[in-house]
Amino acid sequence: MNACVFCRIVAGEAPSTKVYEDDTLCAFLDIRPIAKGHTLVIPKQHAAELGDLDADLGAEIFRTGHRLALAMRGSTLSADGANLVLNDGKAAFQTVAHVHLHVIPRRHGDLFGFAKGFLLRRPHDPAGTAAAITAGLAALDGQSSARDVEGKQ
Ligand code: AMP
Ligand code: ZN
């Protein structure tokens, strides 16, 4: 069995609530979220730290985190912003040795709730949360196709 829990998630050998997947990346809900919608973006190929990660793949990870942050704003999570955080190495408190970008939705005035979430790290309705994020991503896709059509006219 692969010792890396995120590789097991990629292989479908460990449970996860996925919100996005393509050939090289996947994104799923953090099992101990700081806030509702806290998502992790990972490369499918194992890379323990940034030093092991292909730079183009790193750019793809950020691109997906960027899209997720926008999707959270446009979704029923009603985010006003997001923290995108990557803890690289044990010195930076990386606890899972497979590169991951945290995307944590934020709302105006959420400091107390955020601090509480930081301490409690309790999941909130993972299925409903994932549905909200995937709907937000679909809405973004709709907006970019509409822009493409307008650009061609
Ligand atoms: P870090 O401190 O940046 O390494 O964060 C690792 C994150 O992975 C934490 O927020 C954990 O809650 C999360 N995590 C650990 N195991 C799992 C898992 N099986 N599924 C989803 N998230 C996980
Ligand atoms: Zn791994």
Side-chain angles (χ1 to χ4, degrees), residues 1-140:
M1 189 173 73
N2 195 319
C4 173
V5 64
F6 288 177
C7 282
R8 290 207 303 278
I9 286 175
V10 170
E13 294 163 7
S16 70
T17 307
K18 290 212 176 89
V19 298
Y20 176 76
E21 183 165 16
D22 62 25
D23 290 345
T24 52
L25 306 174
C26 78
F28 49 88
L29 298 183
D30 194 295
I31 203 167
R32 296 180 63 233
I34 293 174
K36 182 173 177 171
H38 181 172
T39 297
L40 302 174
V41 186
I42 67 164
K44 285 189 167 175
Q45 193 173 353
H46 182 83
E49 299 186 358
L50 284 184
D52 308 309
L53 184 73
D54 173 78
D56 288 339
L57 192 46
E60 282 303 312
I61 290 170
F62 188 80
R63 181 191 294 278
T64 300
H66 180 173
R67 284 181 52 71
L68 282 164
L70 297 181
M72 288 167 185
R73 282 181 185 237
S75 77
T76 52
L77 293 178
S78 304
D80 299 309
N83 292 113
L84 276 72
V85 179
L86 194 153
N87 299 325
D88 180 40
K90 279 191 183 153
F93 303 125
Q94 181 180 358
T95 59
V96 176
H98 181 133
V99 171
H100 49 281
L101 177 67
H102 296 258
V103 184
I104 309 168
R106 299 297 304 268
R107 298 183 73 167
H108 292 303
D110 71 357
L111 199 56
F112 178 72
F114 190 79
K116 196 169 145 200
F118 208 90
L119 292 174
L120 297 178
R121 312 277 311 246
R122 284 207 194 112
H124 332 241
D125 177 23
T129 305
I133 296 172
T134 52
L137 285 170
L140 272 185

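Read the numbers this way: they start at 1 and go in the same order the structure lists the ligands and their atoms.
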Note to self: I want to check something: taking the side chain as every heavy atom from C-beta on, are Leu86 and Phe62 in contact at a cut-off of under 4.5 Å?
What the structure shows: no

Check: Which atoms of ligand 1 have any heavy atom of Arg32 under 4.0 Å away?
Finding: 12 (O)

Note to self: Please check: side-chain N/O of His38 versus main-chain N/O of Ile34, any donor-acceptor pairing under 3.5 Å?
What the structure shows: yes

Next item on the list: With the Zn ion (ligand 2) as the reference point, give the N/O/S atom of His46 that is nearest.
Entry: ND1

Next item on the list: Calculate, to the nearest 0.5 Å, the distance between atoms NE2 and SG belonging to His46 and Cys4 respectively.
Entry: 5.0 Å

Margin query: With a 4.0 Å cut-off on heavy atoms, is Leu29 in contact with ligand 1?
Written below: yes

Next item on the list: Check each atom of ligand 1 against the heavy atoms of Gln94 and keep those under 4.0 Å away; list them by number with element.
Entry: 4 (O)

Item checked: Close N or O approach (Asn87, ligand 1; < 3.5 Å) -> yes

Check: Is a side-chain N or O of Arg73 found less than 3.5 angstrom from the main chain of Asp80, in a donor-acceptor match?
Finding: yes

Checklist line | Gln94 side-chain N/O to Val96 backbone N/O, donor-acceptor pair under 3.5 Å | finding: yes

Check: Looking at Leu40, which atoms of ligand 1 are within less than 4.0 Å of one of its heavy atoms?
Finding: 8 (O), 13 (C), 22 (N)

Notebook entry, point to check: What is the closest protein heavy atom to atom 19 (N) of ligand 1, and at what distance does it sit?
Noted result: Val5 CG2, 3.6 Å

Checklist line | Any donor-acceptor pair under 3.5 Å from Asn2 side chain to Arg8 backbone | finding: no

Next item on the list: Kindly report the SG-the Zn ion (ligand 2)-ND1 angle for Cys4 and His98 respectively, rounded to 10°.
Entry: 100°

Checklist line | Closest protein heavy atom to atom 12 (O) of ligand 1, given as residue, atom name and distance to 0.1 Å | finding: Asp30 OD1, 2.5 Å

Item checked: Nearest non-hydrogen protein atom, atom 2 (O) of ligand 1 -> Phe93 O, 2.9 Å

Check: In the protein, what heavy atom is nearest to atom 15 (C) of ligand 1, and what distance, to one decimal place, separates them?
Finding: Val96 CG2, 3.9 Å

Notebook entry, point to check: Does the Asp125 side chain pair with the main chain of Gly128, one donor and one acceptor, at a distance under 3.5 Å?
Noted result: yes

Check: Under 4.0 angstrom from ligand 1, any heavy atom of Ile9?
Finding: yes

Item checked: Options Thr95, Thr17, Ile104, Ile31, ranked by nearest heavy atom to atom 17 (C) of ligand 1, top entry -> Ile31

Notebook entry, point to check: Is the backbone of Arg32 close enough, under 3.5 Å, to the side chain of Arg121 for a donor and an acceptor to pair up by distance?
Noted result: yes

Next item on the list: Could you tell me whether Arg67 sits above the aromatic face of Tyr20, with NZ or CZ closer than 6.0 angstrom to the six-membered ring centre and within 45 degrees of the axis?
Entry: no

Note to self: With heavy-atom distances below 4.0 Å as the criterion, list the atoms of ligand 1 near Arg121.
What the structure shows: 9 (C), 10 (O), 12 (O)

Next item on the list: Output yes when the distance from some N or O of ligand 1 to some N or O of His100 is under 3.5 Å, and no in every other case.
Entry: yes

Notebook entry, point to check: How are the rings of His102 and His100 set relative to one another: parallel (under 30°), tilted (30 to 60°) or perpendicular (over 60°)?
Noted result: perpendicular

Next item on the list: Enumerate the atoms of ligand 1 whose separation from the nearest heavy atom of His102 is less than 4.0 angstrom.
Entry: 1 (P), 3 (O), 5 (O), 7 (C), 10 (O)

